[in-house]
Amino acid sequence: DKGLRVADKGFLNTAVIQSTITYIDGEAGVLRYRGYPIEQLALHSSHLETAYLLLYGQLPTRDQFRLFEKEVMHHSAVHADAETFFRSFRYDAHPMAMLTSAFAYLGSYYSEANPSLQGQTLYTRSTKAALENMDKQIYRIIGKATTLAAMAYRVRQGRDFVIPPPGLSYTSQFLYLMDHMGQEDYKPSPVLAKALDVLFLLHADHELNASCTTVLQTGSSLVDPYSAVAAGCASLYGPLHGGANEAVIRMLISIGKPENVPAFLDAVKRREKVLSGFGHRVYKTSDPRSFIIRRTADEVFKVAGKDELLETAMALHDAAIKDDFFVSRRLAPNVDFWSGLIYRAMGFPLDFFPVLFAVPRVVGWLAHWRQMMMQQGGVKIWRPRQVYVGAGKRDYVPVEQRE
Ligand code: SDX
């Protein structure tokens, strides 16, 4: 192990790739997708247009977007057998467990996804056929992410599955698939569809977070992208990462009223509790997404009604951002602090919140996966080393001599 040095805990300052996709400045609180500030994209773009930007590097022309949207929406349908798959879960299975499994299940449909069939050739050669195959898999995963998530939702709610009418937008179709209860003239609320689309866009990518790293680590063995995305889902599920939006609401419910905030913060300082929705590995001043989400929340509350937890969330936020314990540790609200209040106001069940993070995030995972597959000289398997600090050579001891 000559010359090897253990990276800082949690890869604190280890860069494993060069990327042209997303730029974060943790000190300045800056987030840009392919150079475009997130604030401008949230104002002017849509989740699907931003998906095109993240994947292919440029904002699409009208025709490019029309074709991309047509492909994604075409691939949003799933095989009828998927109903049997989802019906195999208990009604109260966590939707993230269902979604994680569903992506691996999805891979079982596509022969070209069988890693042993493709070996080193399919992905490491940027031939036209390989590129088309790669893009078709990307359309399938983005298109089906909403359908699979909606099926998990319907299982969770004990409802039948629905087939959407043609012509809905990506996010409206997602709302339709979840909320349609057989009403003839059902139309997803445009305000809620727009708010969800902004949230999707804000969650689309965030460079090498834990789940994106997992997708790249997994994909570097040239396994199919469905399996790599399933691995990413498993990582995102954790309460330190995408599970934080669910943890924030559980935290707010446990605090109850604003007057209980000081006691809660004392418990956090005693390390008895974690302030979910605060802190970030990269953002040390502010998470730019949290400001946009906070404003979006006000829009949603106008339509869906205010959440009684909002007062407690605001009291907690206002106390923590002034409290030296958090200020000295440079802990600020992150993307998850306010998003859960929006999902709750929209009527989603609590354990569905991480799914609402995973659905848009498959775009960022796939953008990085495509970048890795296209890299010059082909893919190199990710195989870090260790510094061995264990026992030296020793001989086997028979059990009778071990007493
Ligand atoms: C996401 O990486 C990404 O980009 C992720 C994400 C994305 O878009 O993909 O942005 C999405 O995952 C946002 C983060 C959601 N998670 C949470 O809100 C969970 C609560 N946050 C913490 O678990 C924590 O802040 C992390 C996991 C987010 C970051 O952890 P780090 O970078 O390893 O920071 P750390 O644990 O070294 O903390 C530094 C100090 C420590 O204090 P000391 O022990 O040194 O005295 O701050 C403390 C920590 O104990 N601390 C907290 C805290 N977060 C850190 N103390 C109380 N509450 C917290 N939330």
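What you see is a predicted model, and the numbers here were worked out from it, not measured in a lab. Atoms within each ligand, like the ligands themselves, are counted from 1 in listed order.
Inside a 4.0 Å radius of atom 45 (O) of ligand 1 there is not any protein heavy atom. Less than 4.0 angstrom separates atom 30 (O) of ligand 1 from none of the non-hydrogen atoms of the protein. Distance check on atom 10 (O) of ligand 1: some protein heavy atom falls below the 4.0 Å cut-off. Atom 37 (O) of ligand 1 is never approached by the protein to below 4.0 angstrom, counting heavy atoms only. Atom 23 (O) of ligand 1 is approached by the protein to below 4.0 angstrom, counting heavy atoms only. For atom 1 (C) of ligand 1, a protein non-hydrogen atom is found at a distance below 4.0 Å. Per-atom contact check: atom 34 (O) of ligand 1 does not touch the protein, criterion being a heavy-atom distance below 4.0 Å. The nearest protein heavy atom to atom 6 (C) of ligand 1 is closer than 4.0 Å.
For ligand 1, the polar-atom distance check finds no N/O of Lys284 at less than 3.5 Å from any of the ligand's N/O atoms. For the pair His206 and ligand 1, the shortest N or O to N or O distance falls below 3.5 Å. For the pair Ala244 and ligand 1, the shortest N or O to N or O distance does not fall below 3.5 Å.
Close approach to Gly279 involves these atoms of ligand 1, each under 4.0 Å from a residue heavy atom: 25 (O), 28 (C). Here is the list of ligand 1 atoms found below 4.0 Å of a heavy atom in Gly277: 17 (C), 18 (O). Every atom of ligand 1 with a heavy atom of Val268 under 4.0 Å away is listed here by number and element: 57 (C). Heavy-atom proximity to Asn209, at under 4.0 Å, picks out these atoms of ligand 1: 2 (O), 3 (C), 4 (O), 5 (C), 9 (O). Shown in contact with Arg281 at under 4.0 Å from a heavy atom are these atoms of ligand 1, numbered in order with element: 29 (C), 31 (P), 32 (O), 33 (O).
Here the OG-CE distance, from Ser189 to Met346, works out to 7.5 Å after rounding to the nearest 0.5 Å. Between atom CD of residue Glu259 and atom OG1 of residue Thr312 there is a gap of 8.0 Å, rounded to the nearest 0.5 Å. Separating the CG atom in Leu43 from the CD1 atom in Ile38 is a distance of 11.5 Å, to the nearest 0.5 Å. We find the CZ-OG1 distance between Arg34 and Thr50 to be 12.0 Å, quoted to the nearest 0.5 Å.
Scanning for salt bridge (charged side-chain N to carboxylate O under 4.0 Å, His left out) contacts around Arg32 gives an empty result, with sequence neighbours left out.
Residue Arg330 places no heavy atom under 4.0 Å from ligand 1. At least one heavy atom of Asp336 lies less than 4.0 angstrom from ligand 1.
The shortest contact between atom 12 (O) of ligand 1 and any protein heavy atom is with His241 ND1, 2.9 Å. With hydrogens left out, the protein atom closest to atom 50 (O) of ligand 1 is Arg271 NH1, 4.0 Å, a heavy atom. Scanning the protein heavy atoms around atom 16 (N) of ligand 1, the nearest turns out to be Leu240 O, 2.9 Å. Shortest contact from atom 58 (N) of ligand 1 to any protein heavy atom: Leu275 N, 3.2 Å. Nearest to atom 20 (C) of ligand 1 among the protein's heavy atoms is Phe278 O, 3.4 Å. If you check which protein heavy atom lies closest to atom 14 (C) of ligand 1, you get Asn334 ND2, 3.5 Å.
Figure legend: Arg154 and Phe86 shown without cation-pi pairing, the cationic atom not lying both under 6.0 angstrom from the six-membered ring centre and within 45 degrees of its axis.
When all heavy atoms of Ile249 and Leu341 are compared, the closest pair comes out as CD1-N, 3.7 Å.
The heavy atom nearest to atom 47 (O) of ligand 1, considering only Arg361, Arg289, Arg329, is found in Arg329.
Under the ring-ring contact (aromatic ring centres under 6.0 Å, His included) rule, Tyr105 has a single partner from Tyr226, Phe89, Phe85, which is Phe85.
Of the heavy atoms in Leu331, only side-chain atoms (C-beta onward) come closer than 4.0 Å to ligand 1. Residue-level proximity to ligand 1 for Val282 is absent, since no heavy atom of it falls below 4.0 angstrom.
For CZ of Arg90, the number of neighbouring non-hydrogen atoms (other residues, nucleotides, ligands) closer than 6.0 Å is 12 at most. For Phe11, the CZ atom sits in a loose shell: 12 or fewer heavy atoms of surrounding residues, nucleotides or ligands are nearer than 6.0 Å.
By the 30° and 60° cut-offs, the orientation of the rings of Phe337 relative to His317 is tilted.
Salt-bridge formation is detected for the pair Asp351/Arg156: a Lys NZ or Arg NE/NH1/NH2 atom is positioned less than 4.0 Å from an Asp or Glu carboxylate oxygen.
A donor and an acceptor atom, one from each side chain of His94 and Glu246, are located under 3.5 Å apart.
Among residue pairs with one or both ends in residues 147-177, those qualifying as ring pair (Phe, Tyr, Trp, His ring centres under 6.0 Å) are His47-Tyr170, Tyr153-Phe352, Phe174-Phe200, Tyr176-His180, Tyr176-Tyr186; sequence neighbours excluded.
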